[in-house]
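The next block holds one structure in the form of C-alpha cells; read it before the comments.
Just so we're clear, the structure is a prediction, and the values are computed from it rather than from any experiment. For reference, positions follow the sequence shown, starting with 1.
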Amino acid sequence: MMNESAVGSSFEISLRILLMLNELAPLRLDEQQIGAIDFIAVYAADFGLQDENLHGNNSYRYSEFPARKQMVSFALKKLVLDGCIRLYPSSSGYRYSILEAGKNACGKLTSSYAKEYILAVKAVIGRFENVDAAAMLKEINRLTIQSLQETGHE
C-alpha cells in the first residue's frame, strides 16, 4: 500500500481513512459517513470546528466533495485488499473498521498534519451525533450553496 505518493490522491485519502477508523474504533462506518467525516475534518474551520482548514482556503474547495467520492471508494477497496480494514456487509450496504495492519500503519503516521486531522475528526464526531451522514451531508450542501452565493455563482 505504501508505494503510491501523490498529494490529493486516493493514497492520501487512504491514510486519512486509516487515521479516522483508528480513532473511531470499534465503530463500523459506511462509505458515505467516511467521505463526509473526511471532508468536514479537512475543512473543519468552515464548519466552525477548528481555527484553520487543514488544506487551507480556496475558492473551489466545495467542488472537491463530489470528486472525492470516487477516490474514497477506491481507497476503501484498496485498504480492504491490503488487509488494513475489514468490510462488513449490512442491510444498508457495507461498513468498514480498522484491522491490526491498519493500526500498525497509523502508528507510523505521527506528523503534525496527522495529529491535527485526528483532532478534527474528534470535533466532527462531537458535532454530528451518532455519526449522522444525513446531517453531515445537509451541512456540506448548505455551506456549498452559501459559498456559491457569496462568490456570485448563483
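Between the side chain of D30 and the main chain of Y96, no donor-acceptor pair closer than 3.5 Å is present. Panel note: side chain D132, backbone A134; a donor-acceptor pair is recorded below 3.5 Å.
Hydrophobic clustering (side-chain heavy atoms under 4.5 Å, transitive across Ile, Leu, Val, Met, Phe, Trp, Tyr) keeps I85 apart from L81. Two different hydrophobic clusters hold L119 and I125 under the rule that ILVMFWY side chains link at heavy-atom gaps under 4.5 Å. Hydrophobic clustering (side-chain heavy atoms under 4.5 Å, transitive across Ile, Leu, Val, Met, Phe, Trp, Tyr) groups V80 together with L76. Follow the hydrophobic side-chain contacts under 4.5 Å out from L54 and you reach V124 in the same cluster.
Between L29 and M20 the shortest side-chain heavy-atom distance falls below 4.5 Å. Using a 4.5 Å heavy-atom threshold, the side chains of K103 and L99 count as separate. Using a 4.5 Å heavy-atom threshold, the side chains of V42 and R68 count as touching. Side-chain contact between F128 and E139: present, with at least one pair of heavy atoms (C-beta onward) separated by less than 4.5 Å.
A 6.0 Å sphere centred on OH of Y94 holds no more than 12 heavy atoms belonging to other residues, nucleotides or ligands.
Screening I17, L21, I98 for a side-chain contact (heavy atoms from CB on, under 4.5 Å) involving L79 leaves a single residue, I17. Residue F65 forms a side-chain contact (heavy atoms from CB on, under 4.5 Å) with just one option from N141, L143, I140, and that option is I140.
Taking the six-membered ring where the residue is Trp, Y43 and F39 present tilted rings, their angle falling between 30° and 60°.
Ionic pairing of K69 and E31 is not present here: no N-O contact between side-chain nitrogen and carboxylate oxygen is shorter than 4.0 angstrom.
Figure legend: cation-pi geometry between R95 and Y88 absent, as NZ or CZ is not positioned both under 6.0 Å from the six-membered ring centre and within 45° of its axis.
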